[in-house]
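See below for the structure under consideration.
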Number of protein chains: 2
Amino acid sequence: MTKRIDFQVDPAAYRHWRVEYDGPVANLFMDVDENGGLFDGYLLKLNSYDLGVDIELADVVQRMRFEHPEVKTIVMQSGKDRVFCAGANIRMLGGAAHSHKVNFCKFTNETRNTFEAAEADSGQKYIAAVRGSCAGGGYELALACNHIMLTDDSTSNVALPEVPLLAVLPGTGGLTRVTDKRKVRRDLADVFCSTEEGVRGKRARDWRLVDEVIANSKFDAAVQERAHEFAAASNKADVAEGITLSPLDRTFHDDGSVTYSTVEVVADRKAQTVTLTLNGPEEDAPADMAAFTAQGAQAYMLRLARELDDAILHLRLNEPSLGLMVFRTQGDPDKLAAHEALLTANADHWLANEVLQYWKRLLKRVDVTSRSMVALIEHGSCFAGILAELLFAVDRSYMMEDEFEGDNRPLATVTLSSANFGPMKMANGLTRLETRFLDDDGAIARARETIGEALDAEAAEAAGLVTMILDDIDWEDEIRIFLEERASFSPDAMTGMEANLRFAGPETMETRIFGRLTAWQNWIFNRPNAVGADGALQRYGSGKRGDYNMERV
Amino acid sequence: MTKRIDFQVDPAAYRHWRVEYDGPVANLFMDVDENGGLFDGYLLKLNSYDLGVDIELADVVQRMRFEHPEVKTIVMQSGKDRVFCAGANIRMLGGAAHSHKVNFCKFTNETRNTFEAAEADSGQKYIAAVRGSCAGGGYELALACNHIMLTDDSTSNVALPEVPLLAVLPGTGGLTRVTDKRKVRRDLADVFCSTEEGVRGKRARDWRLVDEVIANSKFDAAVQERAHEFAAASNKADVAEGITLSPLDRTFHDDGSVTYSTVEVVADRKAQTVTLTLNGPEEDAPADMAAFTAQGAQAYMLRLARELDDAILHLRLNEPSLGLMVFRTQGDPDKLAAHEALLTANADHWLANEVLQYWKRLLKRVDVTSRSMVALIEHGSCFAGILAELLFAVDRSYMMEDEFEGDNRPLATVTLSSANFGPMKMANGLTRLETRFLDDDGAIARARETIGEALDAEAAEAAGLVTMILDDIDWEDEIRIFLEERASFSPDAMTGMEANLRFAGPETMETRIFGRLTAWQNWIFNRPNAVGADGALQRYGSGKRGDYNMERV
């Protein structure tokens, strides 16, 4: 798979989804073009999906929030007869490299989470209207919606047939959402998840697998009625007009580097390292949210988020050998703080809210990116507020101390803002500082007292905000040694270590999906019973069951 | 590895551990016999350990609670110069099958947890007195203790070198305890866990890796002083004399079956199924705790626990192809309830407490056993109280309904007791009924109202306590079909599914260790970078580093 996967799509070019707007209700139709697979070698039959289908879906969800703030209920439904969605395409999975499988699942998980975030953070509720077969990843799509309606007929069902049929797990949150969100009794979940043909009708409702079961003849009307009911009950403010998410300004280079308007991605494949430099704003902050809205997608805080998001996704899927991400910033921290302050002061403005919530999602994406991450806090940098949050997302940070010879940039500082103390919560439900100073309320209170203060290296170290401070004499050697050493470790061990150390403290449904569920799935994705020549994924469709080694591990 | 691993050991035959008793303080010396490995092909140098060493350790911890209730502080220390413990033996790991590695780590994890349980449940506190090198699994031993003292000299350190040195994780809770128990800042944890040589002296204390750092010359005295201080401050009641854990009465059969005094283990390797029948007590309950204590290890409730525990460990390590465990009971539920009631009514009696706490640990061991588990609630059975708890530990249960032709045993019932509503909490901090009825307080309250009532099939089903009830017509076919089908599924997929469905709700440090940490480690244990011919484990000791595929997954 050497083709570059592009995470930017133009809605006019969607091949798999379409939306019909009906005031506060959006009807979202999944109608996968079976010839529209991202790669050759498989047909996307029966509304099965690959990463390309999911990239479009993620785009739909994102645009719904920015471009269609008038929408309060989204009805996810099938554009095909007799099938809602058959889940991830099995031939695609069977032919994909391990790293593609894993990153495909991670991206689809992140997208499923955005359905729930849309209601929690923005009042946009997703309903699944299930007619026809809804299996595997198809049911996981429905599970991520906050209300599931099922047609009561002989062909409509919900199922998680992965375990009996494919010898893998429902890998997009299915097992976790069944027990933790739907609160299906665990023994019934055991029956459900080991029954190839799934469950339909009244039993699906009795077991809490769906919320409503409705006769076929009344189904469409009931769905639209419910959608408008939910919209009327929503506490989402009325907003007449959104902004347009215009195409990103970016240039891809052959060596893996990318140039955006605010982000420079410099790849060094030989050193297995990539440097992401985030440039602070050149322009002053907009005067008010009217001015911000007029700038739309060009507004600095939104543009930076979109560019960084795109860069991270690009690196995850297209540059697997760049195992070490180095984050830098350059710019005026005061000017940056003014851009953030406009949003924070207007957090009840719909667009300010959307931009802040987007940063929250983006920082969560950083948290679960399985690359070693380090921040270099150099002179001339602008790690302030939301960008300082990056320091607590990465695995460690190094900061320049005192003047460096021949370097006349302003001395390195770190500046906290209110954004570091609440709105950017991690998946574990804590802020990154709460995770960093687990159960140490004193350290958090002391950090809070520095809000707005540009902390120099010594002060930042004393506050526990940076890992190491280095002066002119040590900086170059120490950084070089670290980068070389880190890049030499086994990437698998780093992935496992980082996935454990980054999430101290409580776990939530969301961290359970990325932790327990995903780790087990990745294990299974390495086992011959699933992926071997005689494993279930390879044999799928051949009429022959997988040939299993029956030893339990 | 066809040799049968035996989990019963005679303290007189310990090869690796010795204990010196000093009133309320026990000095526990790790002094591994390098020729005493469980298998051929490796020497247990530098206090490194294999499963055999850990089986002895688990025995020490268990006997400390039953045989030495006078002990309030245990000082874990090395019997060797210059090394505390080098961790799990790498040659053993390099040569072991995947399933052995995984089950070895699981057992060592369970044993580490018993250190913490000993203080929480019984007031026996473990101190680690670290002199010399304390690396990898060695430091994980110390982390499981609740107080760590480190000698301040040039050769004494703590380290988790697994990631840089071996391309695997510290797999016995290390990563989790560093962040969640010791609350080491995550970026410092990242530095620590990727530094082969570890950390020593003051920095170890500043980073919270140890509690005290003490000059070499004062170390021994300080350790004993601290141990006696902790003992004096303990709220553990004074108990002069324990009971003896006499050898189990058991017979192993060639086909994998085992006969104990109360438990029958019948293996069917062809069907990949094993049936564990727990027989209720023949004798009446002891009149009081004095009578119970006089019976000692022969007392029914303790004997049953020890036998079931041994059976489960035997099956895990020695019978990997028996992927499906069927739990049955036969006996008089009232008589059984009387045995349990004596313990519950005397829960503040040291021995009653120890037996109940042992059941708690045993049921947790069932929870993390990676076999499919089903309970058959037949006529004549005694699923009451603690044994009913098994119904909520297994993946699903089937119950006989109404009379069966030619079967004159008493009709099947399920009886709850107070034991199902608090004392037997799972690793997630909830009772099994709270996990089963997640956030459904009504269902739990209704179940509580039935305490002491023998529920027939219909009532048990209505209360949500059993998965399915079947009458004489359906029982045999349904059970047969289920057993055959379950045994035909990919064991890996079942392991992953069960590990997810069994632990709905919150996660704790303990579940994080068995969930997130263990799943990632198992994934890594399948990756060529760790276990391949050129991987780090195979190359260990050769002077050559592992040859890694540098792609990130």
Side-chain angles (χ1 to χ4, degrees), chain A residues 98-99 102 163-164 167-169 175-176 179-180 183 185-187 189-191 193 272 320-321 323 370-371 395-397 436 438-439 464 467 489-493 495-497 499-502 504-505 507 512 515-517 519-524 526-527 529-530 536 546 548 550-553, chain B residues 98-99 102 163-164 167-169 175-176 179-180 183 185-187 189-191 193 272 320-321 323 370-371 395-397 436 438-439 464 467 489-493 495-497 499-502 504-505 507 512 515-517 519-524 526-527 529-530 536 546 548 550-553:
Chain A
H98 182 61
S99 69
V102 169
V163 166
V168 299
L169 302 185
L175 295 180
T176 310
T179 55
D180 284 49
K183 299 187 169 54
R185 227 173 64 202
R186 52 163 286 203
D187 58 336
D190 181 87
V191 175
C193 298
Q272 293 157 352
S321 72
S370 72
R371 306 289 166 99
D395 298 302
R396 61 169 88 169
S397 60
R436 186 177 184 86
L438 197 61
D439 295 345
T467 311
F489 292 150
S490 163
D492 306 325
T495 292
M497 181 180 93
N500 279 280
L501 294 182
R502 287 179 191 166
E507 301 245 1
R512 274 166 66 82
R516 182 184 284 265
L517 178 60
W520 279 114
Q521 177 77 312
N522 292 358
W523 175 72
I524 291 165
N526 256 290
R527 302 280 295 163
N529 285 342
Y548 302 141
M550 295 310 293
E551 284 209 358
R552 271 282 184 148
V553 171
Chain B
H98 182 61
S99 69
V102 169
V163 166
V168 300
L169 302 184
L175 296 180
T176 311
T179 54
D180 285 49
K183 300 185 169 53
R185 226 174 64 202
R186 52 162 286 203
D187 58 337
D190 180 86
V191 175
C193 298
Q272 294 157 351
S321 72
S370 71
R371 307 289 165 98
D395 299 302
R396 61 169 89 170
S397 61
R436 187 177 182 88
L438 198 61
D439 297 344
T467 312
F489 291 151
S490 163
D492 306 325
T495 292
M497 181 181 92
N500 279 280
L501 294 183
R502 286 179 191 167
E507 302 246 0
R512 272 165 69 81
R516 181 185 285 266
L517 178 60
W520 279 114
Q521 177 76 312
N522 291 358
W523 174 72
I524 291 166
N526 257 290
R527 301 282 293 163
N529 285 342
Y548 304 140
M550 294 310 294
E551 283 208 359
R552 271 283 185 149
V553 171

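Quick note: numbers below take in every heavy atom, side chains included, and nothing from hydrogens, waters or symmetry partners. All chains are named by letter (A, B, ...) in the order of the sequence lines, taking the proteins before the strands, and each is independently numbered beginning at 1.
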Using non-hydrogen atoms only, which part of [X] is less than 4.5 Å away from chain A: side chain, backbone, both, or neither?
| X | value |
| --- | --- |
| E551(B) | both |
| A189(B) | both |
| L501(B) | both |

If we only count heavy atoms from C-beta on, is the [X] to [Y] side-chain gap below 4.5 Å?
| X | Y | value |
| --- | --- | --- |
| R516(B) | R516(A) | no |
| V553(B) | P491(A) | no |
| R185(B) | R396(A) | no |
| N500(B) | L169(A) | yes |

Separation of D180(A) CG from E507(B) CD (nearest 0.5 Å):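 Here the rounded value is 8.0 Å.
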From R186(B) atom CZ to R502(A) atom CZ, the distance as rounded to the nearest 0.5 Å: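 Atom-to-atom, R186(B):CZ and R502(A):CZ are 6.5 Å apart.
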L175(A) versus chain B, the contacting section by heavy-atom distance below 4.5 Å: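 Both parts, backbone and side chain.
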Toward chain B, the part of L438(A) with a non-hydrogen atom under 4.5 Å: both
Given the options [options], which has more heavy-atom pairs under 4.5 Å with chain A than any of the others?
| options | result |
| --- | --- |
| A519(B), S370(B), A167(B), S321(B) | A519(B) |
| G505(B), S490(B), A493(B) | S490(B) |
| T176(B), V102(B), N522(B) | N522(B) |
| T179(B), D190(B), V168(B) | D190(B) |
| V191(B), I524(B), D439(B) | V191(B) |

Evaluation steps, side chain to side chain contact (heavy atoms under 4.5 Å, CB included), between R512(A) and R512(B): CA-CA 9 Å; R512(A) 274 166 66 82; R512(B) 272 165 69 81; over 6 Å; no
Check: R552(A)/T495(B) side-chain N/O donor and acceptor closer than 3.5 Å: yes
Give me the atom names and distance for the closest heavy-atom approach of [X] to [Y].
| X | Y | answer |
| --- | --- | --- |
| W523(B) | N526(A) | NE1-ND2, 3.0 Å |
| F489(A) | M550(B) | O-CE, 3.4 Å |
| W520(A) | A499(B) | NE1-CB, 3.5 Å |

Among L517(A), T467(A), D187(A), residue most engaged with chain B (heavy-atom pairs, under 4.5 Å):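 The answer is D187(A).
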